[in-house]
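Down below is the structure, laid out as structure tokens.
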Amino acid sequence: MEVGLFYAHQLPDTSPADGFDWDMQVVRWAEEYGLNEAWFSEHFTEGYERWSSPELHIAAAAQQTSRLKLGTAANLLPYHNPIALAYRLMALDHITRGRLMVGFGAGAYPTDAQLFGTELPAQNHEMLEEAQDLIRRIWANTGEPLTLTGKYYNLDIPPLDNPLLLGNHWRPYQDGGPRIACAGFSPAPPPSARAAPAATSRSASP
């Protein structure tokens, strides 16, 4: 049996600096004691679960471990530009040398949605589906031009211009990109039931 950790709750009177130091100590213990993976949460308005960038934790944890798999749990896609997030996660995949796992979520806290001006649950679920489709397409792109037009997001990848490498010269460290999980916290249907294994919802033209 493989055992992992989920980093989320801390007492709100713990300073962020002290909380970060404790998380890094725990991740070192997890590596030492043979645990398999560690997941880092993301919220913006939740005092007991306050970390808003799991990528920062993972980048730091990757420098203090060599074996432990590290995951975002989850990137709340309605609160990100998915193009920027796709590239940031590709960079993190390289920093971790393929130990990165990625969780996608729609967001469940009304206060997070209020902060970003989205409507729960329908709009957030639509944005989750569209954004995760776009991210998968960017990870699968090998330099060819690609145009996507969606309800919330548009993408226009220019053709790769060699030798200057102007265009999409990024590739994930892992073939096909990091392993993806989908968080669910809603009655019917949850995001996990709506997550698509491949890009399906929008048209693309080369």
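All figures in this text were calculated on a predicted structure; none of them were measured in a lab. One-based numbering along the sequence shown. Because only heavy atoms are used, hydrogens play no part in the values below, and waters and symmetry mates are left out as well, while side chains stay in.
Cluster annotation: Trp170 is not connected to Leu164 through the hydrophobic network of ILVMFWY side chains, with a link wherever side-chain heavy atoms come within less than 4.5 Å. Under the 4.5 Å side-chain contact rule for hydrophobic residues, Leu76 and Leu85 do not share a cluster. The cluster map of Ile, Leu, Val, Met, Phe, Trp and Tyr, joined by side-chain heavy atoms under 4.5 Å apart, puts Ile83 and Val102 in the same cluster. Note on Trp139 and Leu92: same hydrophobic cluster, where clusters join Ile, Leu, Val, Met, Phe, Trp and Tyr whose side-chain heavy atoms are under 4.5 Å apart, directly or indirectly. At a threshold of 4.5 Å between side-chain heavy atoms, the hydrophobic network of Ile, Leu, Val, Met, Phe, Trp and Tyr places Trp22 and Leu5 in one connected group.
Leu68 and Ala30 make their closest contact through CD2-CB, 4.1 Å (heavy atoms, listed as atom of the first residue, atom of the second, distance). What you find for Gly19 and Thr14 is that their closest heavy atoms are N-CG2, 3.7 Å. Minimum interatomic distance between Ala183 and Ala74 (heavy atoms only, all atoms of both residues): CB-CB, 4.2 Å. The two residues Pro78 and Gly105 come nearest to each other via the heavy atoms CD-O, 3.6 Å. Taking each heavy atom of Leu70 and Thr96 in turn, the nearest pair found is CD1-CG2, 4.4 Å. Cys182 and Leu128 make their closest contact through SG-CD2, 4.2 Å (heavy atoms, listed as atom of the first residue, atom of the second, distance).
Within a 6.0 Å sphere centred on CD of Glu119, other residues, nucleotides and ligands contribute 12 heavy atoms or fewer. Atom CG of Asp13 sits in a crowded spot, with more than 12 heavy atoms from other residues, nucleotides or ligands closer than 6.0 Å. Residue-environment remark: CD (Glu2) stays at or below the threshold of 12 foreign heavy atoms within 6.0 Å. Other residues, nucleotides and ligands contribute more than 12 heavy atoms inside 6.0 Å of the CD atom of Gln64.
Between the side chain of Asp112 and the backbone N or O of Ala108 there is no donor-acceptor pair closer than 3.5 Å. Side-chain N or O atoms of Thr72 include one that pairs as donor or acceptor with a backbone N or O of Gly103 at under 3.5 Å. A donor-acceptor pair under 3.5 Å links the side-chain atoms of Asn141 to the main chain of Glu144, judged by distance alone. Without hydrogens or angle criteria, Arg67 side chain to Leu35 main chain gives a donor-acceptor distance under 3.5 Å. Judged purely by atom type and a 3.5 angstrom limit, His94 uses its side chain to pair as donor or acceptor with the backbone of Arg171.
Centroid-to-centroid, the aromatic rings of His57 and Trp39 stay 6.0 Å apart or farther. Checked against a 6.0 Å centroid threshold, the rings of Phe44 and Phe116 count as neighbours.
The line from CG of Asp23 to CG of Asp18 is 11.0 Å long, rounded to the nearest 0.5 Å. Note: Ser15 OG to Asp21 CG = 8.0 Å, rounded to the nearest 0.5 Å. Atom CG in Leu100 sits 5.0 Å away from atom CG in Asp93 (nearest 0.5 Å). In this structure, the separation between CD1 on Ile135 and CE on Met90 is 10.0 Å, given to the nearest 0.5 Å. Atom OH of residue Tyr153 and atom CG of residue Leu148 lie 13.5 Å apart, to the nearest 0.5 angstrom. The OG1 atom of Thr142 lies 8.5 Å from the CG atom of Asn168; values are rounded to the nearest 0.5 Å.
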Original post:
Step by step, would you call Ile138 with Leu155 a side-chain contact (heavy atoms from CB on, under 4.5 Å)?
Top reply: CA-CA 9 Å; Ile138 291 174; Leu155 174 68; 3.8 Å; yes
Subject >> Chi angles and distances behind the side-chain contact (heavy atoms from CB on, under 4.5 Å) call for Gln132, Arg136 >> reply: CA-CA 6 Å; Gln132 65 101 15; Arg136 291 171 187 267; 2.6 Å; yes
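Tyr48 and Gln10 share no side-chain donor-acceptor pair at under 3.5 Å. Using modelled atom types, one finds a donor on one side chain and an acceptor on the other under 3.5 Å when comparing Asn124 with Tyr79. Looking only at atom types and distance, the side chain of Tyr87 has no donor-acceptor partner in the side chain of Asn81 under 3.5 Å away. Using modelled atom types, one finds a donor on one side chain and an acceptor on the other under 3.5 Å when comparing His80 with Glu42. Side-chain contact, Glu31 with Ser66: a donor N or O sits under 3.5 Å from an acceptor N or O.
The list of salt bridge (charged side-chain N to carboxylate O under 4.0 Å, His left out) pairs with a residue in residues 43-61, not counting sequence neighbours, reads Glu55-Arg88.
Looking at Glu126 and Lys151, a side-chain N of the basic residue comes within less than 4.0 Å of a carboxylate O on the acidic one, giving a salt bridge.
Between Leu77 and Pro82, every side-chain heavy-atom pair lies at or beyond the 4.5 Å cut-off. Counting heavy atoms from C-beta on, the side chains of Pro145 and Ile157 never come closer than 4.5 Å.
Between Tyr7 and Phe40, the angle of the ring planes stays under 30°, which puts this pair in the parallel group of the 30/60° scheme.
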